[in-house]
Amino acid sequence: MPELPEVETVVRTLEKQIGGCTITHVHVRYDPIIVGDAREFEEQMCGQTFRRFERRGKYLIFRMDDLTLVSHLRMEGKYYIQPPSAEITKHMHVIFDLNNGMQLRYNDTRKFGRMEILAKDKDFRHYKDLGPEPFDKAFNPSYVHAFRKGKRTPLKSLLLDQSFVAGIGNIYADEILAACHLRPGRSCANITKKDEEHIVNETQRILKAAIKAGGTTIRSYTSSLGVTGRFQTSCTVHMQKICARCGGEIKVKYIGGRSSYYCPHCQH
DNA sequence: ACACTGACCTGCGAGC
DNA sequence: TGCTCGCAGGTCAGTG
């Protein structure tokens with residue numbers, strides 16, 4: 001499932017592949033993907049050119065001539081660039097015809113993803129109560145301290161809270177906490193100043209490494225597959241059985257409505 | 001204000 | 001073999 005590093009990779013790949021392309025026709029095949037009226041969406045997107053590509057948290061942002069298109073891939077959303085002759089499968093919900101003869105196709109098995117048209121100059125700094133970007137200087141140890149003040153929520157839930165920091169999902173939350181030697185179920189009320197520093201540093205280090213790896217993986221894809229949000233990461237705890245550090249058994253616990261993987265020996 | 005739960009979806013694997 | 005059931009996950013509305 002795409003988290004910040006995957007979304008970043010998708011944005012950069014699409015920028016290279018369809019930057020400057022103009023949409024000549026749009027067909028929405030499953031209306032609920034579109035926030036607002038799907039027919040109006042088709043009409044408004046027609047004739048628009050992909051000008052700039054941005055990301056905010058897990059949201060993809062396409063700056064067009066007269067509007068901004070925001071897209072969230074949720075769990076399984078993927079963009080493909082294919083010729084019109086390629087088979088349209090049952091999970092391809094939005095088809096954009098491009099002026100270079102190709103089609104941009106939005107594929108989403110679970111139909112969870114969403115697309116929305118917003119104003120051309122929409123400011124995303126305060127979009128949907130999203131917290132700071134992990135690489136922004138606003139995400140620092142004293143911010144972590146101020147945010148967690150008065151809260152007793154588990155650290156896992158804190159990292160998944162998009163208003164705390166934008167872009168972290170279930171996989172990276174587990175990986176960040178493993179790197180910090182902190183258990184996912186531990187209350188955010190009783191961590192130290194050192195822990196706050198670790199959370200910031202490890203979040204940035206792990207996401208940076210993942211973006212680098214994501215880029216590498218995407219480049220190895222054949223062009224016919226287009227762009228996907230999928231990428232193989234070398235997880236130390238998530239979905240693992242044995243801890244890479246101590247060789248002990250990895251435990252799975254349901255925390256904050258998510259399955260959370262951790263090493264009871266290395267994380268306290 | 002905070003914390004937790006269920007709904008949205010479909011595919012897949014486990015268990016019977 | 002074929003069925004049912006639970007799980008996976010990001011976000012948001014709803015509830016306590």
Within the structure, does a side-chain N or O atom of [X] lie under 4.0 Å from either OP1 or OP2 of [N]?
| X | N | value |
| --- | --- | --- |
| A:Lys149 | B:dA1 | no |
| A:Gln162 | C:dG10 | no |
| A:Ser259 | C:dG9 | yes |
| A:His72 | C:dC12 | no |

Length of the [atom1]-[atom2] vector between [X] and [N], whole Å:
| X | N | atom1 | atom2 | result |
| --- | --- | --- | --- | --- |
| A:Leu60 | C:dG10 | CG | C1' | 14 Å |
| A:Lys58 | C:dG10 | NZ | P | 5 Å |
| A:Ile171 | C:dA8 | CD1 | P | 12 Å |
| A:Glu76 | C:dG9 | CD | C1' | 9 Å |
| A:Tyr172 | C:dG9 | OH | C1' | 15 Å |
| A:Asp129 | C:dG10 | CG | P | 18 Å |
| A:Tyr254 | C:dG6 | OH | C1' | 11 Å |
| A:Phe164 | C:dG10 | CZ | P | 17 Å |

| Looking at A:Phe147, is A:Lys151 sitting on its ring face, NZ or CZ under 6.0 Å from the six-membered ring centre and within 45 degrees of the normal? | yes
| query | Please walk me through it: do A:Glu133 and A:Arg56 pass salt bridge (charged side-chain N to carboxylate O under 4.0 Å, His left out)? | reply | CA-CA 7 Å; A:Glu133 288 290 316; A:Arg56 176 78 170 97; 3.0 Å; yes
| said: Treating primed atoms plus P, OP1 and OP2 as sugar-phosphate and everything else as base, which nucleotides of nucleotides 3-9 of chain B get B, S or - for protein heavy atoms under 4.0 Å? | reply: S----BB
| Pick from A:Arg148, A:Arg183, A:Arg186: which one makes a salt bridge (charged side-chain N to carboxylate O under 4.0 Å, His left out) with A:Asp195? | A:Arg186
| said: Let me check the geometry of the helix from B:dC2-C:dG16 to B:dC16-C:dG2. What is the bend angle between the axes at its two ends, five pairs each, to 10°? | reply: 60°
| note | Residue set satisfying ring-ring contact (aromatic ring centres under 6.0 Å, His included) with A:Phe124, at least two apart, ordered chain then number -> A:Tyr127
| According to the ring-ring contact (aromatic ring centres under 6.0 Å, His included) rule, which pairs have a member within residues 88-111 of chain A, sequence neighbours left out? | A:Tyr30-A:His93, A:Tyr79-A:Tyr106
| Would you find more than 12 non-hydrogen atoms of other residues, nucleotides or ligands less than 6.0 Å from A:Glu249 atom CD? | no
| What side-chain hydrogen bond (donor to acceptor under 3.5 Å, both in side chains) pairs are there with at least one residue in residues 41-54 of chain A, not counting sequence neighbours? | A:Thr22-A:Thr49, A:Arg39-A:Glu42, A:Gln48-A:Asp66, A:Thr49-A:Asp65, A:Arg51-A:Asp65, A:Arg52-A:Glu54, A:Glu54-A:Arg63
| said: Would you call the rings of A:Phe53 and A:Phe50 parallel, tilted or perpendicular, taking 30° and 60° as the class edges? | reply: parallel
Report, one line per pair, each donor and acceptor closer than 3.5 Å where one atom sits in a side chain of residues 252-260 of chain A; sequence neighbours left out.
{"unit_1": "A:Tyr254", "atom_1": "OH", "unit_2": "A:Gly257", "atom_2": "O", "d": "3.1"}
{"unit_1": "A:Ser260", "atom_1": "OG", "unit_2": "A:Lys156", "atom_2": "NZ", "d": "2.8"}
{"unit_1": "A:Ser260", "atom_1": "OG", "unit_2": "A:Arg258", "atom_2": "O", "d": "3.2"}

